[in-house]
Structures are given as C-alpha cells and as structure tokens.
Amino acid sequence: KRNTYELYQYCCWAYIIAELLVKNNKFFVNEFGESLASSEADIIFLGSVVLKHILGISANSIGLEELQVNISNPQQDSFKHQKIGSGLFPVFSLFNHSCNPSTQFFTYGNMGIFRAIRMIPAGSEVSFSYGMSYFHKNVTERISNLQSYYHFTCTCEACENDWKVINSDNNIYELPKLHYTPPSFQTKMVDIEVLPFGAHYREMIEIRLKELVKRFYDSMDNLHHQTVDLGSCVDTLIEVIDFFDRFVILPDITYVRAQAHLVKYYK
C-alpha cells in the first residue's frame, strides 16, 4: 500500500499534466486534427490514465547512465558513470527481481542491455536487482523495502536461505593472502556425490578451487598495469563465477568480488 502523501503527490502531478494537455487544444482532436470540446468524463479518463502511468514509473522505471569524462583533469578520476534520468521500457519491465540477480542492466548511448553476471541454467528465469542485494542488506531489510516500494514479497534463493550480508567489515575490497583459506568456504556436497569419482574427484575440485582463486587475485592485483591483458582477466572472472555457481555454497566473498569486477568491466 502507498502512503497518503505519496498518492496525493502523484494525483497532483496527474492533474497538472491533464490540465496542460486539455488547455493545449491539440490533445482532443477529430480525424482532421481540429480541436474538440472535451467532456468532464474525457478529462477524468485522461487524468486516470496519466496517474496510472505515473504510478508505474516507481515500480517499472530503470535508471539511465552515461559515461562522463573530465578532460580538464585526465589523471584523476577522469571517468565516471553519471545517472542522467530514468526510462520506461515495456520489455525490461517484465524482468523480475532477485537479490542474487543473474544479470545487470547497462546503458550504451540510446541502447539498454542486460548482461549475465552469473551462470544461468537453461530454462531458468532471467532476473535483475531492483536495488536490493543480499551483500548490502539483510533479508529483513530487503523484504521490508521491496514490499514498501514494489509491493511484493521476495522469494529468491538469497531470501529463502537467509544469506548473510557481506559488507566492508569483511574487507570486501582488500586483497587477501593468496593461500585463501576463509573458514566460511565449503564445497557443495550434492554436486560431488552424484559424480562417479568419489574422494578423488573431491580432491580435484579442491585443487581446481585453489588454482582459480589464486589466478583471480593475481589478475585483480595486476589490473592497474598498462600491459595487462583485459580479455584474459575477464575470462578469469567468468571462469571463477561459473565454478563458484557449480561447486561453492553461497554467499562467498570471492564470488561477490568477481561479479563486481565483471560489472566494472562491462561499464
């Protein structure tokens, strides 16, 4: 339910827009473009349609950004993404929310694109975040905010399984030592037990995990070098995300970092 002040504000907007359209004398016209007298019922209908679209903006609009360059000071923070407005897109508004989204929305000029940021199994729903992510807010806050702004109860895997918040206290943006042995790391038992390799396969997975994580942090540590191969770094990010989706119990800090770096690359 929307609060009274919010509804009053939206109704005022709808009234002003409807009044401007009526007084313009070019909205209600006949087939020859000649102005027609509008009845009270016509004006009420017009206002209600405008109000419906205004109410849809808060739930279905997507923020639009553009890359801005500071040419006067190219050495310090010369590139940044600046929000320039919001847009309503019929197809994009059909995407449902997940606190562990499978895609991220990007704008390039006048185009909007959803890019995958994790493995999407065949036949599964493609989702993106409405602004609530499991690594920023706990499940109680997310559900409350989503109910308040979008009027639904989230049932994504992060909410259903009460994934814990990953924040700055977890040193999310600091590089750990390369041996990487966080106590929270676990291997998905189901994925391993259904395969015929038994304990030997488990050992192979653990070796592969250590190799991938080391390569990931090595790549991230080298990103500031001008000679770095960005294509190779992106391949590593995708490989890490795919591996963690398959074999690691989430949430995991390395998984979040890999997704964050992939989003930065897409931008």
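For the numbers below, each heavy atom of this structure counts, side chains included, while hydrogens, waters and symmetry mates do not.
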**Report entry** Arg118 side chain near Phe244 side chain, heavy-atom distance below 4.5 Å
**Finding:** no

Query raised in the report: Which atoms form the tightest heavy-atom contact between Val22 and Ser38, and what is the distance?
Result: CG1-OG, 3.8 Å

Query raised in the report: Is the backbone of Ile238 close enough, under 3.5 Å, to the side chain of Asp242 for a donor and an acceptor to pair up by distance?
Result: no

Query raised in the report: Where do Ala18 and Leu46 come nearest, in terms of heavy atoms and distance?
Result: O-CD2, 4.0 Å

Query raised in the report: With distance as the sole test, does Thr236 use its side chain to make a donor-acceptor pair with the main-chain N or O of Phe216 at under 3.5 Å?
Result: no

Requested in this report: Indicate yes or no for a side-chain donor-acceptor contact from Ser144 to the backbone of Glu141 under 3.5 Å, with no hydrogens or angles considered.
Outcome: no

Query raised in the report: What is the ring orientation for Tyr130 with His97, classed by angle as parallel under 30°, tilted 30 to 60°, or perpendicular over 60°?
Result: tilted

Query raised in the report: Does a sphere of radius 6.0 Å around OH in Tyr149 hold more than 12 heavy atoms from other residues, nucleotides or ligands, not counting ones at 6.0 Å or beyond?
Result: no

**Report entry** Phe106 side chain reached by Val263 side chain, heavy atoms, under 4.5 Å
**Finding:** yes

**Report entry** Contact summary for Trp163 and Arg142, nearest pair of heavy atoms
**Finding:** O-NH1, 4.3 Å

Report summary line: Tightest non-hydrogen contact, residues Phe152 and Gln147, listed as O-CG, 3.3 Å

Requested in this report: Would you please indicate if the ring centroids of Phe128 and Phe92 are separated by under 6.0 Å?
Outcome: no

Query - Hydrophobic cluster identity match, Phe45 and Leu55, side-chain contacts under 4.5 Å - result: no

Query - Side-chain donor/acceptor of Ser61 to backbone N/O of Leu88, under 3.5 Å - result: no

Query raised in the report: Between Ile120 and Phe105, is there a shared hydrophobic cluster once you connect ILVMFWY residues whose side-chain heavy atoms come closer than 4.5 Å?
Result: yes

Report task. Would you tell me whether Glu157 and Asn161 have side-chain atoms, one donor and one acceptor, within less than 3.5 Å of each other? Result -> no

Query raised in the report: Is there side-chain contact between Tyr255 and Leu250, with heavy atoms separated by less than 4.5 Å?
Result: yes

Query raised in the report: Of the non-hydrogen atoms in Ile117 and Leu262, which two are nearest, and what is the gap between them?
Result: CA-CD2, 4.1 Å

Report task. Check whether Met119 and Phe135 end up in the same hydrophobic cluster, where Ile, Leu, Val, Met, Phe, Trp and Tyr are linked by side-chain heavy atoms less than 4.5 Å apart. Result -> no

Query - Residues Asp42 and Ser39: side-chain donor-acceptor under 3.5 angstrom - result: yes

Query raised in the report: Do Pro251 and Val256 touch side chain to side chain, with heavy atoms closer than 4.5 Å?
Result: no

**Report entry** Heavy-atom neighbours of Glu40 CD exceed 12 at 6.0 Å
**Finding:** no

Report summary line: Cys99 and Leu146 have their tightest heavy-atom pair at SG-CD1, 4.4 Å

Query raised in the report: Is there side-chain contact between Phe95 and Ile62, with heavy atoms separated by less than 4.5 Å?
Result: no

